[in-house]
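What follows is one structure encoded as structure tokens, with my remarks underneath.
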Amino acid sequence: MSAVVTEHDDHHDHGPEKGILRWLFTTNHKDIGTLYLVFALAMFFVGGTMAMIIRAELFQPGMQLVEPQFFNSMTTMHALVMVFGAVMPAFVGFANWMIPMMIGAPDMALPRMNNMSFWLLVAGVLILASTLFMEGGAPASGWTLYPPLVLQTGNALPFAVFSVHLLGISSIMGAINIIATIFNMRAPGMTLMKMPLFVWTWLITAFLLIAVMPVFAGAVTMLLTDGFFDTSFFDAAGGGDPVLYQHIFWFFGHPEVYIMILPTFGVASTIIPVFARKPLFGYSAMVVATVAIAFLSFIVWSHHMFTVGMPKAGELYFMYATMLIAIPTGVKIFNWTATMWKGAMTFETPMLFSIAFVVLFTLGGFTGLMMALSPLDYQYHDTYFIVAHFHYTLVPASIFMIQAGAYYWLPKWTGHMYDERLGRLHFWLSAISVNILFFPQHFLGLAGMPRRIPDYAVQFADWNMISSIGAFIYGGSQLLFLYIVIKTIKQGTGEKVSDEVWEDAKKHGLEWTLPSPVPYHTFTTPPKIIPTEHI
Amino acid sequence: MTDEALEQKNSKLVTKLLLIVIGMFGFGYALVPIYDVFCDITGLNGKVASEAVAETSYEVDESREITVEFITSLNKKTPMIFRSETNKLKVHPGKYYTVNFFAENKTANNMIAQAIPSISPGAAAEFFKKTECFCFTEQTFSAHEGKTMPVRFVVDPELPERYKTITLAYTFFDNTKVVTN
Ligand code: HEM
Ligand SMILES: [Cu+2]
């Protein structure tokens with residue numbers, strides 16, 4: 001990064017307003033970042049509870065706890081809540097907190113829109129949650145909302161669609177704000193190729209968001225008009241085709257999975273160099289790889305549809321295009337490893353999570369490559385193998401790096417150190433249980449257990465029980481995370497943290513030149529950036 | 001940079017980004033005709049011509065035998081009876097055949113229904129030609145009326161060697177509400 005000469009501005013810092021109204025009307029990027037993060041954490045537990053219900057039902061074969069329809073609602077809502085309520089908002093929270101501080105800006109470019117996008121998110125998720133209590137139950141068609149099945153949803157259908165609209169508008173506004181901040185608010189001297197990778201990955205993510213969220217909004221609008229206004233986009237009776245929905249959905253859906261992983265990459269690229277005490281290996285290769293991944297994500301969507309009956313040329317094209325993604329992804333894995341190579345590594349909690357991320361995400365990438373081979377995907381498709389694949393790319397990747405980021409930045413935000421012993425305990429519990437939870441699902445999938453079913457044949461019993469046990473341990477360990485976070489916000493270990501918190505962190509980014517806890521307003525006059533090597 | 005200049009820069013950028021958003025929303029809808037055109041050109045997806053082809057005579061290839069299967073289906077809530085009088089037929093490419101289907105309206109009201117065909121494997125669709133089909137137009141049934149309806153078809157001798165079986169599937173949809181609205 002770049003070193004900095006801090007200038008103390010002597011005009012008085014006016015702090016936040018008092019009371020609840022502060023949170024309702026705030027336009028301060030740090031407040032809004034906090035709101036997003038708190039909301040995401042709450043949704044992590046809501047979605048987590050649904051996952052526990054799923055795993056409890058699957059603990060044994062046979063129907064135990066819930067009705068099949070409700071079970072299907074749980075798989076659908078779990079995914080929607082985790083994707084749109086937990087993972088995406090958590091990264092937007094990081095973006096709000098960190099992007100201005102990393103590029104030397106006083107705030108986000110469009111603070112009022114920032115406030116609005118947060119509250120639209122809350123409204124969207126509340127509407128989605130309210131469908132649980134509606135006649136006919138919450139959507140139960142899977143998070144992909146495939147017609148014609150999804151059109152059998154009861155009263156919830158229009159609400160689910162409307163909720164997707166709000167979530168879409170919210171994330172588009174967030175994305176526009178991030179792009180405007182990065183393009184227009186950088187401190188003098190902070191050129192694009194000096195930006196930290198977290199900022200870079202978010203810039204690309206924001207472009208993905210504005211490109212694909214409108215397409216998803218269009219797809220669900222078509223569902224709505226098919227359901228209520230007699231259009232026939234996906235209705236065979238009127239000359240439509242349900243497979244068309246799958247194409248539109250996955251044109252959105254595949255970039256969407258990268259919307260969840262690119263900021264994950266950004267956090268990893270931020271943390272690993274600090275604890276390896278080395279500059280990030282291959283900064284510009286990392287930037288190029290990010291752009292390449294984003295570009296490729298638009299041209300591979302039909303790897304989710306290998307079994308719909310595509311012609312051979314299509315199968316081949318999507319197979320090779322998908323495999324291409326492994327190249328820039330491999331570059332990233334290589335560079336993180338090279339950054340650690342011969343580094344003076346220490347293993348604080350954020351670093352532990354990051355190392356586990358590099359290893360376990362690679363596993364998720366490998367299964368992705370297996371599924372990219374279209375003849376083999378006929379075996380894997382719609383089985384638990386898929387479930388194992390995307391959970392490896394989302395839980396020990398996105399969720400791990402969100403938690404790593406929280407451990408890494410909380411001391412800066414609050415001025416309090418988290419309890420390192422408890423942090424490591426949380427790490428080991430999570431890292432071990434996540435594998436007990438998801439690894440057996442590979443075996444289940446290969447043996448033919450379909451996904452999204454509440455009951456299964458007895459030969460799948462053992463691995464399902466093990467997976468459920470892993471799930472309960474993993475779920476329980478997250479309560480420890482909640483405890484650590486609350487304790488850190490309150491008083492932490494009581495130890496006073498320095499401005500740079502982590503040894504030599506100042507060399508790695510502007511944010512560490514600010515005092516801890518960070519004042520309410522920062523960089524009201526832009527910092528002077530002394531050009532240095534990338535470190 | 002002054003505040004005003006920054007604001008101007010921001011609103012310019014926001015306008016551009018909003019244009020992308022609107023463009024992409026439109027693109028989602030544009031995929032609908034693009035998809036249809038694509039399927040038409042390539043004959044993919046088992047979408048079959050919804051119009052009769054003129055009866056031309058082919059040279060019958062007696063040496064080849066293709067199995068044609070007929071499947072009928074109804075969605076759960078369609079109040080009809082629908083079946084094919086033949087399940088399977090061995091055919092010679094180039095020769096015309098007629099198969100009868102039977103459909104009945106189970107309600108005490110008039111019904112307008114539309115049958116939607118689908119052929120698999122999809123790539124064989126363009127070689128399966130129908131000169132007559134109840135699926136080309138909507139069918140009207142009076143209360144409890146049952147009808148026997150023919151489909152006349154030929155398999156084009158150009159059909160590539162690798163296809164041994166073609167499945168023709170029909171789903172009948174009750175369109176009464178849609179049409180009368
Ligand atoms: C090398 C990289 C990757 C490859 C080659 C790959 C490949 C695939 C393929 C072929 C499928 C479809 C399998 C099927 O349904 O039969 C799939 C599903 C999926 N992937 Fe990946 N993937 C990769 C990385 C990722 C990442 C980074 C994420 C998310 C952060 C992700 C999330 C998902 C999800 C959520 C699904 C399942 C969607 C659903 O059907 O509900 N993948 N992947
Ligand atoms: Cu994909």
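Each chain gets a letter, A, B and so on, in the order the sequences are listed, and its residues count up from 1. Only a predicted model underlies this, so the values are computations on that prediction, with no experimental measurement involved.
One distance of note links OG of A:Ser232 with CG of B:Asn175; it measures 7.5 Å at 0.5 Å rounding. In this structure, B:Phe25 CZ and A:Met213 CE are separated by 12.0 Å, a value rounded to the nearest 0.5 Å. Expressed to the nearest 0.5 Å, how far CG of B:Asp36 lies from CG of A:Asp241 amounts to 8.0 Å.
A:Ile172 pairs in a side-chain contact (heavy atoms from CB on, under 4.5 Å) with only one of the listed residues (B:Leu17, B:Val21, B:Ile20), which is B:Val21.
Contacts of A:Phe252 with chain B are absent, with no heavy-atom separation under 4.5 Å from either backbone or side chain. For a residue to count as touching a neighbouring chain, one of its non-hydrogen atoms must lie under 4.5 Å from one of that chain's; by this rule A:Met222 touches chain B with backbone and side chain alike. Looking at A:Phe251, the atoms closer than 4.5 Å to chain B (heavy atoms on both sides) all sit in the side chain, from C-beta outward. Residue A:Ala219: no heavy atom, backbone or side chain, is found under 4.5 Å from chain B. Interface remark: A:Thr221 contributes backbone and side-chain atoms alike to the contact with chain B (heavy atom separation under 4.5 Å). With a 4.5 Å cut-off on non-hydrogen atoms, B:Leu13 touches chain A through its side chain but not through its backbone. Of the two parts of A:Leu209, neither the backbone nor the side chain holds a non-hydrogen atom closer than 4.5 Å to a non-hydrogen atom of chain B.
Within a 6.0 Å radius of CD in B:Glu7, other residues, nucleotides and ligands contribute 12 heavy atoms or fewer. Enclosure of atom CZ in B:Phe102 by more than 12 non-hydrogen atoms of other residues, nucleotides or ligands within 6.0 angstrom is indicated. Surrounding CD of B:Gln8 are at most 12 heavy atoms belonging to other residues, nucleotides or ligands under 6.0 Å away. Crowding of B:Lys16 atom NZ: a count of heavy atoms from other residues, nucleotides or ligands under 6.0 Å not exceeding 12. Heavy atoms from other residues, nucleotides or ligands lying under 6.0 Å from CZ of A:Phe162 number 12 at most. Within 6.0 Å of CD on A:Glu135 lie no more than 12 heavy atoms contributed by other residues, nucleotides or ligands.
Classified by interplanar angle (parallel below 30°, tilted 30° to 60°, perpendicular above 60°), the ring pair A:Phe233/B:Tyr29 is perpendicular.
Side-chain contact check for A:Phe183 versus B:Asn10: every heavy-atom pair is 4.5 Å or farther apart. With contacts defined as side-chain heavy-atom distances shorter than 4.5 Å, the pair B:Tyr35/A:Val243 qualifies.
Shown here for B:Met24 and A:Ile210, the closest heavy-atom pair between the two residues is CG-O, 4.0 Å.
Taking B:Val32, B:Asn75, B:Ile22 one by one and counting their heavy-atom pairs under 4.5 Å with chain A, the maximum is reached by B:Val32.
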